[in-house]
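Structure first, then comments.
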Amino acid sequence: MHVGVVTLFPEMFAAISDFGISGRAIKNELLNLEYWNPRDFATDKHRTVDDRPFGGGPGMLMKTDTLVAAIRQAREQLTGKLVEKSANQVRTIYLSPQGKTMDQRKVADLAQLEGLVLVCGRYQGIDSRVIESEIDEEVSLGDFVMSGGELAAMALIDAMVRLKPGALGDADSAHEDSFAAGLLHWPEYTRPQQFEGKSVPDVLLSGDHEAIRKWRVKQSLGSTWLKRPDLLQESSLDKEQQQLLEEFKAEHKANSGC
């Protein structure tokens, strides 16, 4: 996968290119990550990358000509590295609080692409004409505002890398993550067996694989019911899942004294 990032601060991306799963994926050539800085396309002596918005108001916008030049060069050079060398194969994403909120399904869709350009805004944002002419889609981390799109781009890259074959030590890990099946992950435990007066659930020590499987499904459903009931409304539960969820609700009611 070839990912180009248009950003005024490419050095920030060392956080994912030099460390962890994403850093290993780059080293193993599962991911190619490159950067285009709009400042490199500025022609004035101050290398200006911002300008005042028409109509007045606080803040500045990213300068249009330098930003467009960076986006177009990123798209052109990434296109040249694809198996099917077509600009239509490279999708251009603008990280924006006005975009559609990312979820696991969206991440999985984007992870299938061979080429992707991520545009990181700064200041008050970018000229609307740039969005109209250069951007295929706007995406957001959520309903809040950050100082720029870099952290959102890093979050998206990290999430996509986890889904690339060979990126994780265990190929099944990504399939068992929260949201992978539309539900939250079940509780996990490790050594020591006893910690500050609390024990690991007996079923996880039983060696009974079927009992463990059912416990994990029940806890996954229960965690989703308690923390993100909206996800259950979007899920079609089978008969076993419905029964296990009802058991969890009954146990939760008994344990909480309700």
Side-chain angles (χ1 to χ4, degrees), residues 1-10 12-13 31-103 105-157 159-160:
M1 185 177 192
H2 299 277
V3 176
V5 183
V6 176
T7 171
L8 294 174
F9 301 103
M12 290 180 65
F13 287 81
L31 170 69
N32 179 52
L33 191 58
E34 300 180 71
Y35 313 98
W36 281 265
N37 191 336
R39 197 175 298 278
D40 295 335
F41 297 85
T43 56
D44 65 308
K45 67 177 182 179
H46 298 295
R47 302 177 72 201
T48 306
V49 291
D50 62 343
D51 210 336
R52 297 180 182 277
F54 284 113
M60 304 286 277
L61 296 177
M62 293 187 75
K63 204 165 183 291
T64 304
D65 54 352
T66 55
L67 177 59
V68 168
I71 293 172
R72 289 178 178 174
Q73 188 177 103
R75 193 160 49 229
E76 178 183 353
Q77 293 189 9
L78 259 62
T79 297
K81 298 179 180 181
L82 305 185
V83 174
E84 295 184 20
K85 294 178 171 49
S86 167
N88 293 330
Q89 300 294 110
V90 177
R91 191 159 184 80
T92 304
I93 302 290
Y94 173 42
L95 286 308
S96 162
Q98 295 189 18
K100 182 179 179 180
T101 304
M102 282 188 283
D103 57 18
R105 183 178 302 173
K106 180 54 149 181
V107 170
D109 289 342
L110 293 177
Q112 299 300 314
L113 299 176
E114 188 181 355
L116 185 63
V117 174
L118 303 178
V119 179
C120 304
R122 278 278 158 176
Y123 314 119
Q124 289 289 101
I126 68 178
D127 191 306
S128 288
R129 292 168 295 183
V130 178
I131 298 175
E132 293 171 4
S133 65
E134 308 298 329
I135 303 301
D136 295 312
E137 186 176 3
E138 296 178 72
V139 298
S140 170
L141 281 187
D143 295 338
F144 55 91
V145 179
M146 298 188 294
S147 299
E150 284 79 11
L151 292 176
M154 284 187 266
L156 175 56
I157 293 168
M160 290 191 299

Seminar exercise, completed: I135 and Y94 have their tightest heavy-atom pair at CG2-CB, 3.6 Å

Seminar exercise, completed: Rounded to the nearest 0.5 angstrom, the CG-CG distance for N37 and D40 is 4.5 Å

For this session: Please lay out, stage by stage, how V130 and I71 fare under the test side chain to side chain contact (heavy atoms under 4.5 Å, CB included).
Result: CA-CA 10 Å; V130 178; I71 293 172; 4.0 Å; yes

Exercise. Which is it for K106 and K100 under the side chain to side chain contact (heavy atoms under 4.5 Å, CB included) test, yes or no, and what are the steps along the way?
Worked result: CA-CA 10 Å; K106 180 54 149 181; K100 182 179 179 180; 5.6 Å; no

Problem set entry | Note, L8 side chain near M62 side chain (heavy atom, < 4.5 Å) | yes

Exercise. Taking the side chain as C-beta and beyond, is there a heavy-atom pair between F13 and C120 under 4.5 Å?
Worked result: yes

For this session: Output the distance between atom CZ (R91) and atom CG (D136), rounded to the nearest 0.5 Å.
Result: 4.5 Å

For this session: Check V107 against M160 and note the closest heavy-atom contact, atom names and distance.
Result: CG1-N, 3.7 Å

Exercise. What do you reckon, is CG of D143 surrounded by more than 12 foreign heavy atoms closer than 6.0 Å?
Worked result: no

For this session: Give a yes or no on whether K81 atom NZ has more than 12 heavy-atom contacts from other residues, nucleotides or ligands under 6.0 Å away.
Result: yes

Seminar exercise, completed: Interatomic distance, CG@D127 vs CD@E132, rounded to 0.5 Å, equals 8.5 Å

Problem set entry | Within-4.5 Å side-chain heavy-atom neighbours: M146 and L141 | yes

Exercise. So do V139 and E137 actually touch side chain to side chain, heavy atoms under 4.5 Å?
Worked result: yes

Problem set entry | Atom pair OG1 (T66) and CZ (R39), whose distance is rounded to the nearest 0.5 Å | 9.0 Å

Problem set entry | Any E76 side-chain heavy atom under 4.5 Å of V90 side chain | no

Exercise. Does atom CZ of F144 have more than 12 heavy-atom neighbours, drawn from other residues, nucleotides or ligands, at distances under 6.0 Å?
Worked result: yes

Problem set entry | Under 3.5 Å side-chain donor-acceptor pair for R75 and T92 | yes

Exercise. Where is the tightest heavy-atom contact between P97 and S140, given as atom of each residue plus distance?
Worked result: CA-OG, 3.7 Å

Problem set entry | Backbone of D50 reached by a side-chain donor or acceptor of T48 within 3.5 Å | no

Problem set entry | Side-chain touch E134/V68, heavy atoms, less than 4.5 angstrom | yes

Exercise. Atom CD of E150 and atom CZ of R122: how far apart are they, to the nearest 0.5 Å?
Worked result: 4.0 Å

Seminar exercise, completed: Residues A42 and R47: closest non-hydrogen pair is CB-CA, 3.5 Å

Problem set entry | Residues, nucleotides or ligands: over 12 heavy atoms within 6.0 Å of Q98 CD | no

For this session: To the nearest 0.5 angstrom, please state how far the CG atom of L33 sits from the CG atom of L118.
Result: 8.5 Å

For this session: Specify the closest pair of heavy atoms between A69 and F41, including all atoms of both residues, with the distance to one decimal.
Result: CB-CD2, 3.7 Å

Problem set entry | Trace of the side chain to side chain contact (heavy atoms under 4.5 Å, CB included) decision for M154 with V5 | CA-CA 10 Å; M154 284 187 266; V5 183; over 6 Å; no

For this session: Test side chain to side chain contact (heavy atoms under 4.5 Å, CB included) on V3 and N32 and set out the steps.
Result: CA-CA 6 Å; V3 176; N32 179 52; over 6 Å; no

Problem set entry | Heavy-atom side-chain contact between L67 and I126 under 4.5 Å | yes

For this session: Would you check if Q89 and T79 make a side-chain contact, meaning some heavy-atom pair closer than 4.5 Å?
Result: no

Exercise. Where is the tightest heavy-atom contact between V6 and A70, given as atom of each residue plus distance?
Worked result: CG1-CB, 3.9 Å

